[in-house]
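First the structure, in the form of C-alpha cells, and then the observations on it.
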Protein chains: 2
Amino acid sequence: MDKRISEAELEIMEALWRRAPLTAAEVAESVDEDRGWSPQTVKTLLSRLVSKQAVAHQKDGRRFLYSPNVARDDYVGGESQRLVDRLFGGKVTPLVAHLAERDALSDDDIEEIERLIRGLKS
Amino acid sequence: MDKRISEAELEIMEALWRRAPLTAAEVAESVDEDRGWSPQTVKTLLSRLVSKQAVAHQKDGRRFLYSPNVARDDYVGGESQRLVDRLFGGKVTPLVAHLAERDALSDDDIEEIERLIRGLKS
DNA sequence: TTTTCCCGTTTACAGCTGTAATCGTTCTGA
DNA sequence: TCAGAACGATTACAGCTGTAAACGGGAAAA
C-alpha cells in the first residue's frame with residue numbers, strides 16, 4: 001500500500017482478487033480476454049505492482065506466485081473516498097443526490113437503497 | 001470534452017467554475033493559495049486544458065479570457081459514473097452500501113439520504 | 001548433451017503529468 | 001523612443017503509464 005494503482009494495473013489486481021495466488025501466466029490468462037495484452041505486458045504490470053507493494057510474490061521453484069497485498073475492499077473504499085473528497089467536498093450525500101438527479105438510479109436502486117438506509121437506522 | 005482532465009488541471013477548472021471568464025493571472029490568483037504554483041505553471045495547465053477543449057478562450061486585446069467549456073455537473077457526473085463502473089460493476093447501490101459499511105455515513109447523512117430517496121419515490 | 005522453452009529482469013519508447021524556464025512580441029511608463 | 005513588464009508559445013525534463021521486445025539463466029525435452 002504505497003503508490004497509487006493505475007488503471008491497467010487495476011485489471012491485474014482484479015484477477016488476483018478473483019483468485020490467488022497465481023503465476024504470471026495464470027494472471028495473463030485470467031485477464032487477457034478483454035484487454036488483449038501480451039504476456040510480457042502482464043509481467044511488467046505485475047512487477048510494477050510488486051514494487052508498489054500492492055502485490056506480494058513468493059518464490060515457488062523458479063517462478064513466482066503472486067497475491068494481492070491490499071484488500072479489494074480497502075482499495076475500493078480509498079478510491080470512493082478520494083472521489084467524494086475531490087468532487088463533493090467530502091460529503092456522501094451530494095454524491096447520492098447527484099446520481100439521483102442524473103437518473104443514474106433505477107427504481108430498483110432506489111428501492112434497494114431505501115432498504116439499506118432503513119437497515120442502518122435501526 | 002475530449003481527453004481526460006488531470007488532477008492538477010482540475011484545480012484550474014474549479015477556479016473557472018467558481019468564476020469565469022478569467023485571465024490567466026486571475027486564475028493563478030484564484031488558485032495559488034493551496035497549491036503554491038508559479039504563474040507559469042498555471043498558464044501551462046490552461047493551455048493544456050484549451051487543447052483538450054475543456055476550456056475555451058477568447059481574445060481580449062492581447063490577452064485571453066478563459067472559460068470552462070464543460071459544465072462542472074457533467075464532469076462530476078462522468079467521473080462518478082466512471083468510479084461506479086470501474087469498481088462497482090456499474091451499480092450505484094453497492095457504492096452506497098460500501099460507504100455505509102465503512103462508516104462514511106453520519107446519522108445526518110443517513111437522514112438526508114432518506115429524505116432524498118423519499119423525494120424520488122413520489 | 002545440446003537445443004529449446006519459460007521465467008523474471010532490464011531496457012525501450014511514446015504519451016501524459018507536474019512543474020516550470022526561456023523566447024519572442026507587444027504594450028506601457030519614463 | 002527605449003527599457004521593462006506582461007502575455008502567450010515553445011521548450012524542458014523527470015516521473016508515471018501503457019505496451020511491449022530483448023536478455024540471460026535455468027529446466028525440460030530431444
Side-chain angles (χ1 to χ4, degrees), chain A residues 1-16 20-67 69 75 79 82 86, chain B residues 1-16 20-67 69-70 75 78-79 82 86:
Chain A
M1 67 286 247
D2 204 12
K3 317 249 12 172
R4 271 170 61 67
I5 293 171
S6 82
E7 185 115 357
E9 287 160 2
L10 181 59
E11 281 293 315
I12 307 289
M13 293 304 291
E14 292 288 3
L16 291 173
L22 294 180
T23 65
E26 287 167 338
V27 171
E29 252 180 60
S30 171
V31 122
D32 239 354
E33 332 287 336
D34 2 11
R35 289 284 203 151
W37 279 330
S38 94
Q40 289 311 320
T41 299
V42 171
K43 288 180 194 177
T44 301
L45 292 172
L46 274 170
S47 22
R48 287 185 184 165
L49 284 166
V50 167
S51 45
K52 286 180 183 183
Q53 291 178 283
V55 161
H57 61 341
Q58 61 254 212
K59 210 154 227 144
D60 170 49
R62 65 201 216 74
R63 68 183 75 184
F64 280 131
L65 291 180
Y66 299 87
S67 328
N69 204 18
Y75 174 73
E79 289 299 300
R82 272 176 55 80
R86 278 196 320 144
Chain B
M1 65 288 246
D2 205 13
K3 315 252 8 174
R4 273 169 60 66
I5 292 171
S6 81
E7 185 115 358
E9 287 160 2
L10 182 57
E11 282 293 314
I12 307 289
M13 294 305 291
E14 292 288 3
L16 291 174
L22 294 180
T23 66
E26 287 166 338
V27 171
E29 252 180 60
S30 171
V31 121
D32 238 354
E33 332 285 337
D34 2 12
R35 289 284 203 150
W37 280 331
S38 94
Q40 290 311 320
T41 298
V42 171
K43 287 181 193 178
T44 300
L45 293 172
L46 275 170
S47 23
R48 288 184 184 167
L49 284 167
V50 168
S51 43
K52 288 181 182 183
Q53 292 178 282
V55 160
H57 61 341
Q58 62 254 209
K59 209 153 226 143
D60 169 49
R62 63 198 217 77
R63 68 181 77 182
F64 279 130
L65 291 179
Y66 298 87
S67 329
N69 203 19
V70 193
Y75 175 74
E79 288 300 298
R82 273 177 54 80
R86 278 196 321 142

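So that the names make sense, note that chain A is the first sequence line, chain B the second, and so on, each numbered from 1.
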Atom CZ of Arg4(B) to atom C1' of dG15(C): distance rounded to whole Å?
15 Å
Round to a whole Å and report the spacing from CD of Glu29(B) to P of dC7(D).
11 Å
Which nucleotide, dT19(D), dG25(D), dC16(D), lies nearest any side-chain atom of Leu45(A)?
dT19(D)
Quickly work out the Met13(A) CE to dT17(D) P distance and round it to whole Å.
14 Å
Given atom CH2 of Trp37(B) and atom P of dG18(C), what is their separation to the nearest angstrom?
7 Å
Given atom OH of Tyr66(A) and atom P of dC7(C), what is their separation to the nearest angstrom?
10 Å
Classify the side chain of Arg48(B) versus the base of dT19(C) as yes if they form a donor-acceptor pair under 3.5 Å and no if they do not.
yes
For a quick test of reading the model, state the closest non-hydrogen atom pair linking Thr23(A) to Tyr66(A) and the distance between them.
C-CD1, 4.2 Å
Report yes or no: is there a donor-acceptor pair, N or O only, under 3.5 Å between the side chain of Arg62(B) and the base of dA6(D)?
yes
Given side chains that start at C-beta, do those of Thr41(A) and Ser38(A) come closer than 4.5 Å, heavy atoms only?
yes
Grab the CG-C1' distance between Leu46(A) and dT17(D) for me, whole Å please.
15 Å
Looking at Lys59(B), I'd like to know whether one of its side-chain N or O atoms comes within less than 4.0 Å of OP1 or OP2 on dT26(C).
no
Where each residue is assigned the nucleotide of DNA chain D containing its nearest heavy atom, which of Gly36(A) and Ile5(A) is assigned the position nearer the 5′ end?
Ile5(A)
Write down the distance between CG (Leu49(B)) and P (dG18(C)), rounded to a whole number of angstrom.
10 Å
Phe64(B), nearest nucleotide to its side chain (from dC7(C), dC7(D), dG8(D))
dG8(D)
So, is Ser6(A) near the phosphate of dG18(D), with a side-chain N or O under 4.0 Å from OP1 or OP2?
yes
Supply the atom-to-atom distance Leu65(B) CG to Leu22(B) CG, rounded to the nearest 0.5 angstrom.
8.5 Å
Any base atoms under 4.0 Å from Thr41(A), or only sugar-phosphate, or nothing? Heavy atoms, all strands.
base
Evaluation steps, salt bridge (Lys or Arg N to Asp or Glu O under 4.0 Å), between Arg63(A) and Glu26(A)
CA-CA 12 Å; Arg63(A) 68 183 75 184; Glu26(A) 287 167 338; over 6 Å; no
Report the distance from atom CD1 of Ile5(A) to atom CD1 of Ile12(A), rounding to the nearest 0.5 Å.
11.0 Å
Picking from dT19(C), dT17(D), dA21(D), which would you name as closest to the side chain of Thr44(A)?
dA21(D)
Send over the distance from Lys3(B) NZ to dG18(D) P, rounded to a whole Å.
13 Å
Pick from Glu9(A), Glu79(A), Lys52(A): which one makes a side chain to side chain contact (heavy atoms under 4.5 Å, CB included) with Arg4(A)?
Glu79(A)
Once hydrogens and angles are ignored, does a donor-acceptor distance under 3.5 Å link the base of dT25(C) to the side chain of Arg63(B)?
no
So, is Lys43(B) near the phosphate of dT11(D), with a side-chain N or O under 4.0 Å from OP1 or OP2?
no
Base of dG18(D) paired with side chain of Arg35(A) (donor-acceptor, under 3.5 Å):
no
Between Glu9(A) and Gln40(B), which is nearer to the 5' end of DNA chain D once each is assigned its nearest nucleotide?
Gln40(B)
